[in-house]
Amino acid sequence: MFYLGCHLSASKGYLHMGKEALSIGANTFQFFTRNPRGSKAKRLDEKDVAALLTLTAANGFAPLLAHAPYTLNPCSADQKVRDFAHMVMADDMEIMGNLPGNYYTFHPGSHVGQGIEAGLELVVDLLNQVLGPQLTTTVLLETMSGKGSEVGSTFEELRFIIDNTDHSDKLGVCLDTCHIYSAGYDIINDLDGVLDQFNSIVGLDRLKAIHLNDSLTPFATHKDRHAKIGEGTLGMETIVNFINHPRLRGLPFYLETPNDVQGYAAEIKLLRSAYRQ
Ligand code: FE
Ligand code: FE
Ligand code: ZN
């Protein structure tokens, strides 16, 4: 099954996202649990969530992917920023408790001058506070491009976080195609090699979700600029190789390309026609 969806706005509620996904040929989607730049989550409407879960079950959706706000930085040097990250992630885990069995991805953060080791330890600290055996959500570390002082742009860094987190059974990885290319993993010329490397360092069993994006910037430039599918430095051929790679079969793909809903509908149609059954 080719599980493909895109980022959708939660502003009209949960059921609305499910219906919108169906209307554009998607069988999963990504959403923000709260304003991506803000903090306060809306109170969850339980009936709305229940209606969405009925719809996704009836239509064979892949797990839904919630995305943490961009303002969440567990490895800031500022204690207040770290406390905020803890508060938000703990609250998001409660929200996600109403949608059991789904995914939650977050950016490991930026160490802002403290050094990568200190940053990694702080990410681990947060995960050791928030993750526990009661969680029904798998928390995904997103692969980052390494812009500024971003943590999580190498497979080794992800491995360190997983190895040092107590409840690492609750952890997985969300691989972003734009980010890894920008981080210096050459998925154009050596996709097999990159996946081998991922497998030997992190383990492909940890890979739960793909952010499928083209990139506006050249290889290994450590920038984070998404492009529409086929309109960036990755190009259509690489994207088609990616969605059809035997080692990535069955994984859910989520578009985060600069599009409105109609633009996403067109990309989903294009990608479905390029998927080899
Ligand atoms: Fe992200
Ligand atoms: Fe992403
Ligand atoms: Zn990005």
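All heavy atoms count here, side chains included; hydrogens, waters and symmetry mates do not. The first residue in the sequence is number 1, and the count goes up from there. As the structure lists them, so they are numbered: ligands from 1, and atoms in each ligand from 1.
The aromatic ring centroids of H7 and Y264 lie 6.0 Å or more from each other. Centroid-to-centroid, the aromatic rings of Y185 and F155 come within less than 6.0 Å.
Residue side and main chain included, D176 places no N/O/S atom under 2.8 Å of the Zn ion (ligand 3). At a threshold of 2.8 Å, the Zn ion (ligand 3) has no backbone or side-chain N, O or S atom of H211 nearer than that distance. Look at H179 and the Zn ion (ligand 3): an N/O/S atom of the residue is under 2.8 Å from the metal.
The angle that D224 OD1 and H226 NE2 make at the Zn ion (ligand 3), rounded to 10°, works out to 90°. Rounding to the nearest 10°, we obtain 100° for the angle at the Fe ion (ligand 1) between H67 NE2 and H107 NE2. If you put the vertex on the Fe ion (ligand 2), ND1 of H211 and OE2 of E142 sit 90° apart, to the nearest 10°.
Using a 4.0 Å cut-off between charged nitrogen and carboxylate oxygen, K12 and D48 do not count as a salt-bridge pair.
With 3.5 Å as the limit, one finds no donor-acceptor pair spanning the side chains of R82 and N73.
The N, O or S atom of D176 lying closest to the Fe ion (ligand 2) is OD2. The N, O or S atom of E256 with the smallest distance to the Fe ion (ligand 2) is OE1.
Atoms CE and SG, on M144 and C178 in that order, are 9.5 Å from each other to the nearest 0.5 Å.
A donor-acceptor contact shorter than 3.5 Å is absent between the side chain of N27 and the backbone of N59.
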